[in-house]
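First up is the structure itself, then whatever we jot down about it.
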Amino acid sequence: MSADGSTNSPPPGARADWTIDQGWDAYSEAEHQVWITLYERQAALLPGRACDPFLKGLEALDLHRTGIPDFVRINTELNRLTGWSVVAVPGLVPDDVFFDHLANRRFPAGQFIRKPDQLDYLQEPDIFHDVFGHVPMLTDPVFADYMQAYGRGGQRAMQLGRLHNLARLYWYTVEFGLLQTPQGVRIYGAGIVSSRAESIFALDDPSPNRLGFELERVMRTPYRIDDFQQVYFVIPSLQALLDATLQDFAPIYDRLSRASDIAIERIETNDLVITEGTQAYALSRAAAAQ
Ligand code: HBI
Ligand code: FE
């Protein structure tokens, strides 16, 4: 199976829906230690940075410090709270498989954990990115509904050939979303909250733009997969995010088919500008790459 899961047959040992047993007993002490190291770093950093629903979810699921959590244990509480379950998969799964899981309130989490020399970044989502990053927000009823709506929307987007637009919505919300709160801007995106450096960069660095979330605008905006984001979109509430998905996307996709992409560093005239970035980080990285 290639990295993007483009083949449709599950790898050996996986079930037809690409799930595998987590095999919690088989994790080594070294693998548990990687989880503990990553957990301790983020647990120290996130109060005051991650949004309350995330921090509450972390507590509720007791993604404790003593090692990789057993899905059987966390699913008991997660099921009770929002009907979601975490299921183990070998890695990235094909889009249609991914959406079917989300549409049925199953979150596919990588079963493997990164190596000690990969603590700061890895290309494919591992169990720390998926379970520490994504799962705590699934304890929030509104976000739990949003993730299921996203799964259903993904199935429809594939039928309409608009997956690239919907993937941007996922990227700028589920992975790299920010939330406006009375205490200030807070993180809810899994890609940020599971990364020590980006948990700091996304809130504190003057480089990126931080713009008010607007669904169609987000769907016209490309994203970075190889580095910190150059723009973050800020939602006023989780309810506003869920409400944005309850409309019919067909007319939106129709307008998008005639609209051009918006350059990643651009600020449009009717953007709600929370912070106008300097783009200094992206420019320095581009210069260094010359
Ligand atoms: N598979 N396991 C896994 N996790 C993901 O986050 C994931 C995936 N397959 C496809 C995918 N994400 C994205 O392309 C979605 O936008 C569909
Ligand atoms: Fe993710």
Side-chain angles (χ1 to χ4, degrees), residues 1-11 13-22 38 42 50 54 57 63 71 84-114 118 121-138 143-144 146-178 187-195 198-199 202 215 218-219 221-226 228-229 232 245 249 253:
M1 167 180 97
S2 60
D4 68 355
S6 54
T7 56
N8 275 316
S9 55
R15 290 179 275 268
D17 63 0
W18 288 62
T19 57
I20 57 174
D21 295 335
Q22 182 189 9
L38 291 168
Q42 293 309 97
F54 177 87
L63 293 186
F71 291 179
W84 274 84
S85 299
V86 190
V87 292
V89 290
L92 288 177
V93 304
D95 293 343
D96 60 324
V97 173
F98 185 65
F99 292 129
D100 182 64
H101 281 303
L102 298 188
N104 291 285
R105 296 204 173 217
R106 294 186 301 264
F107 188 82
Q111 181 270 349
F112 71 100
I113 194 159
R114 66 193 74 179
Q118 294 176 304
Y121 187 73
L122 75 166
Q123 190 64 34
E124 185 154 346
D126 73 337
I127 194 166
F128 187 78
H129 169 93
D130 280 330
V131 175
F132 183 94
H134 283 282
V135 175
M137 286 301 294
L138 293 175
F143 193 79
Y146 173 69
M147 282 294 275
Q148 181 174 34
Y150 180 84
R152 291 177 174 150
Q155 294 172 318
R156 182 143 168 68
M158 291 187 78
Q159 289 161 1
L160 299 172
R162 303 306 305 190
L163 186 51
H164 62 291
N165 291 121
L166 195 82
R168 290 168 172 174
L169 175 64
Y170 187 84
W171 196 266
Y172 281 120
T173 58
V174 179
E175 293 296 355
F176 291 95
L178 297 178
I187 302 163
Y188 72 94
I192 308 175
V193 84
S194 59
S195 155
E198 197 149 7
S199 294
L215 186 87
V218 168
M219 287 185 159
T221 310
Y223 52 82
R224 302 293 298 261
I225 61 166
D226 59 341
F228 297 157
Q229 299 309 310
Y232 296 96
T245 64
F249 278 25
Y253 288 141

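All residue numbers refer to positions in the sequence shown, counting from 1. All ligand and atom numbering here is 1-based and tracks the order in the structure.
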Interfacing atoms of ligand 1 (cut-off 4.0 Å, heavy-atom, Leu92):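 Those qualifying, in numeric order: 1 (N), 2 (N), 3 (C), 4 (N), 5 (C), 7 (C), 8 (C).
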
Just jot down the ligand 1 atoms closer than 4.0 angstrom to any heavy atom of Tyr150, in number order.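 Those of ligand 1 that fall under 4.0 Å from Tyr150 are 16 (O).
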
Short N/O distance, under 3.5 Å, between [X] and ligand 1?
| X | value |
| --- | --- |
| Val93 | yes |
| Asp130 | no |
| Gly91 | yes |

For ligand 1, the portion of Phe99 having any non-hydrogen atom under 4.0 Å away: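 Near ligand 1, Phe99 shows its side chain, while the N, CA, C and O stay back.
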
Once you restrict to heavy atoms under 4.0 Å, what part of Phe107 touches ligand 1? Side chain, backbone, both or neither.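 Near ligand 1, Phe107 shows nothing, with every heavy atom at 4.0 Å or more.
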
Centroid-centroid distance, Phe132 to Phe54, less than 6.0 Å: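 Centroid separation for Phe132 and Phe54: below 6.0 Å.
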
Within 2.8 Å of the Fe ion (ligand 2), is there any N, O or S atom belonging to Glu175?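 Yes - counting backbone and side chain alike, Glu175 has an N, O or S atom under 2.8 Å.
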
For the side chain of Ser194 and the backbone of Ala190, is there at least one donor-acceptor N/O pair under 3.5 Å apart?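 Between the backbone of Ala190 and the side chain of Ser194 there is a qualifying donor-acceptor contact (under 3.5 Å).
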
Residues which pass salt bridge (Lys or Arg N to Asp or Glu O under 4.0 Å) with Arg152, listed by chain and number, not counting sequence neighbours: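 Counting only residues at least two positions away or on another chain, Arg152 forms no salt bridge (Lys or Arg N to Asp or Glu O under 4.0 Å).
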
Tell me which one of Phe143, Trp171, Tyr170, Phe249 satisfies ring pair (Phe, Tyr, Trp, His ring centres under 6.0 Å) with Tyr150.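 With Tyr150 as partner, ring pair (Phe, Tyr, Trp, His ring centres under 6.0 Å) holds for just one option, Tyr170.
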
Between Phe98 and Leu92, is there a side-chain heavy-atom distance shorter than 4.5 Å?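 They are not in contact (no side-chain heavy atoms under 4.5 Å apart), so the answer is no.
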
Show me the donor-acceptor pairs, under 3.5 Å and distance only, between side chains in residues 101-113 and residues at least two apart or in other chains.
| residue | atom | partner | partner atom | Å |
| --- | --- | --- | --- | --- |
| His101 | ND1 | Arg106 | NE | 2.8 |
| His101 | ND1 | Arg106 | NH2 | 3.4 |
| His101 | NE2 | Asp17 | O | 2.8 |
| Asn104 | ND2 | Asp100 | O | 2.7 |
| Asn104 | ND2 | Asp100 | OD1 | 3.3 |
| Arg105 | NE | Gln148 | OE1 | 2.8 |
| Arg105 | NH1 | Thr82 | O | 2.8 |
| Arg105 | NH2 | Asp145 | OD1 | 2.5 |
| Arg105 | NH2 | Gln148 | OE1 | 3.0 |
| Arg106 | NH2 | Asp100 | OD2 | 3.3 |
| Gln111 | NE2 | Gln22 | O | 2.9 |

